[in-house]
Structure formats: structure tokens, C-alpha cells
Protein chains: 2
Amino acid sequence: MDDEPVLPLYAYERLADTIEGEITSGRLVVGARLAAEYELAEIHQVSRNTVRSAVELLRERGLVATKQGAGTYVIRSRRPDTPRE
Amino acid sequence: MDDEPVLPLYAYERLADTIEGEITSGRLVVGARLAAEYELAEIHQVSRNTVRSAVELLRERGLVATKQGAGTYVIRSRRPDTPRE
DNA sequence: AAATATTTGTACGTATGTATG
DNA sequence: GCATACATACGTACAAATATT
């Protein structure tokens, strides 16, 4: 319990939420590729490491999948019902 | 399939395997606290981030749990039967 | 087929923030 | 309040996998 604070505290959480919003809103459809990490870093004015943390969160949420050398792709438009661990 | 290459390729994998060995061998028992990240970094001559990657692996293997401000503790002496994701 | 460019992965260092004791 | 320890965040460099020319 007590997971997921109401306000995303950290930059990587906010970025993950932002990108998740683009997915759930349909602006990023299943199969679409996210911008490259360095691009996301520039766009959102954070470091690439922060982008990677955000994308890691999105992977854990089951929304995207990443392939080295290729990119990160949307694999789901909304979160699977609460992974509960 | 095809997970876990025979030879651990990266420093953080080797370090994780090393620490796992200390756990499975009984030198680190359940409840024991691992050395601090900066200590492990010094001991094994790697960076803190590499230590963190190794510990992250151990968490995924279900062997340890980390509590901010407290430390990383052994919670299991051997891997649970293949987490298969 | 081969070389180049792009993109993610790993690893290092450093600084600052947050939680615990 | 202070010390300790983990967490986040910045930057940098190079390696590895993939895509493109």
C-alpha cells in the first residue's frame, strides 16, 4: 500500500506519466516508436539517464518494449489491470 | 529461453553472481545486511552505479530487499523457482 | 556486401536529494 | 541536528545491436 504518491515527485516519474499520457490519449498508438532517448532528453530538458529511468517505468507498466539499436515501441495503449507486485 | 548466458558478460552481472554466491554459500544469511554500496564499489573496484545494477539484479532474483536509508538485506538464501518473468 | 549512422546498453564520475538511525 | 545510506539526476565515453546508405 501507499504506493504511487499522488504527485509524481521525481523528474523521471513525471516524464513517464507524460509519455503514458501520450499513449493513453492515442497520440502514440500501438506499434509506434518513441523518439530516441537523446531526443526525449532534449525535448523534455532532462538527461538521457532520466529518460532511461522513465522508459524503464513505462516498461514495468507494460506499455512499451525496448530493443537495443532499434528503439522503444508502444505495445499497449493502457495499463494492464494493476500488476499488484 | 536462451536467458542467462553461460559467462556473465558485464561487471554488474559478475558482481551479482559473486554476491549471490556469498548468499547461497551461507556466508550471508537471511537477515544479514550487505555492505554499503560505496563499500561494495571499493571492495570490487567498480563504480557505485555498477553496484546498484548488481543489487538490482539480486532484487529481481528475489534474494535481497533494499530499504532507503537502511541498507540491502538478504531475504532469501536461494532463488525461487524460475520467475519466468 | 560493406561501411556508416543511429539507437540503446553499459560503465564511469560527481553532485544533490531523501529517508533512516 | 548530524551521520549514514540509498535515490535521483546530471554529464561523459564507449560498446553493441540495429537500421540505413
Side-chain angles (χ1 to χ4, degrees), chain A residues 1-20 22-23 28 30-76, chain B residues 1-20 22-23 28 31-76 85:
Chain A
M1 217 156 294
D2 206 35
D3 259 27
E4 305 233 358
V6 261
L7 282 222
L9 200 51
Y10 299 112
Y12 77 95
E13 292 174 324
R14 292 193 297 272
L15 178 52
D17 288 351
T18 296
I19 298 174
E20 175 170 340
E22 294 180 355
I23 294 173
L28 279 174
V30 171
R33 207 198 76 184
L34 267 58
E37 292 176 353
Y38 84 93
E39 287 175 329
L40 290 174
E42 281 185 3
I43 294 171
H44 299 280
Q45 288 295 289
V46 294
S47 73
R48 195 186 145 209
N49 284 347
T50 298
V51 170
R52 286 181 57 76
S53 293
V55 171
E56 186 178 9
L57 252 187
L58 294 175
R59 278 197 300 269
E60 291 172 357
R61 292 177 183 171
L63 293 173
V64 303
T66 299
K67 192 167 174 55
Q68 181 174 355
T72 296
Y73 294 84
V74 178
I75 60 174
R76 202 181 213 140
Chain B
M1 213 157 300
D2 207 33
D3 259 27
E4 306 235 358
V6 262
L7 282 221
L9 198 51
Y10 298 111
Y12 76 94
E13 291 175 330
R14 291 193 297 271
L15 178 52
D17 289 351
T18 297
I19 298 174
E20 177 170 341
E22 295 181 352
I23 295 173
L28 280 173
R33 208 198 75 184
L34 267 57
E37 290 182 350
Y38 81 93
E39 288 173 330
L40 290 174
E42 281 186 3
I43 293 170
H44 299 279
Q45 289 294 292
V46 294
S47 77
R48 251 190 70 205
N49 285 349
T50 297
V51 171
R52 287 181 51 71
S53 294
V55 171
E56 186 178 2
L57 253 187
L58 294 175
R59 278 196 299 271
E60 291 173 356
R61 292 175 184 174
L63 293 172
V64 303
T66 299
K67 192 167 174 56
Q68 182 171 354
T72 296
Y73 296 85
V74 178
I75 59 174
R76 202 180 214 138
E85 164 152 13

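Predicted model, so just to flag it, every value in this text is computed and none were measured.
- A straight line from CG of B:N49 to C1' of D:dC6 spans 12 Å, rounded to a whole angstrom.
- Atom-to-atom, CD of A:Q68 to C1' of D:dC14 comes out at 13 Å; the value is rounded to the nearest Å.
- Closest-nucleotide positions on DNA chain D for A:V51 and B:G71 were compared, and the one nearer the 5' end corresponds to B:G71.
- Atom pair A:R48:CZ and D:dG11:C1' shows a separation of 12 Å (rounding to whole Å applied).
- Map B:E37 and A:Y10 each onto its nearest nucleotide of DNA chain D; the residue landing nearer the 5' end is B:E37.
- Per the geometry, NE2 belonging to A:H44 stands 17 Å off C1' belonging to D:dC10, to the nearest Å.
- Of all nucleotides present, only D:dA19 satisfies the Watson-Crick or G-U wobble test against C:dT4, with each distance under 3.5 Å.
- For C:dT7, the OP1/OP2 oxygens have a side-chain nitrogen or oxygen of A:R33 closer than 4.0 Å.
- If you measure from atom CG of A:L15 to atom P of D:dA9, you get 10 Å, rounded to the nearest angstrom.
- If you check every strand for non-hydrogen atoms under 4.0 Å, A:S53 touches nothing.
- With D:dC6, C:dC12, D:dA9 as the candidates, the nucleotide lying closest to the side chain of B:S47 is C:dC12.
- Considering only the side chain of A:A36, C:dT7 comes nearest among D:dC6, C:dT7, D:dA13.
- Taking 4.5 Å as the limit, every side-chain heavy atom of B:Y73 sits out of range of all side-chain heavy atoms of B:L34.
- Between B:I19 and B:V64 there is no side-chain heavy-atom pair separated by less than 4.5 Å.
- Pairing each heavy atom of B:L57 with each of B:Y12, the nearest pair is CD1-CE1, 3.7 Å.
- Computed from coordinates, the A:E42 CD to D:dC10 P distance equals 14 Å when rounded to whole Å.
- Inter-residue side-chain proximity for B:V51 and B:H44 is flagged as unmet; no heavy-atom pair is nearer than 4.5 Å.
- Note on B:Y12: every side-chain N or O is 4.0 Å or more away from OP1 and OP2 of C:dA11.
- Set against C:dA11, D:dT18, C:dA15, the side chain of A:K67 has D:dT18 as its closest nucleotide.
- Comparing D:dA7, D:dT18, D:dA9 against the side chain of B:R52 picks out D:dA7 as the nearest.
- One interatomic measurement links the two molecules: CG of B:L40 to C1' of D:dC6, which rounds to 12 Å at whole-angstrom precision.
- When rounded to the nearest whole Å, the span between CD of B:E56 and C1' of D:dT8 equals 13 Å.
- The shortest side-chain heavy-atom distance between B:L58 and B:R61 falls under the 4.5 Å cut-off.
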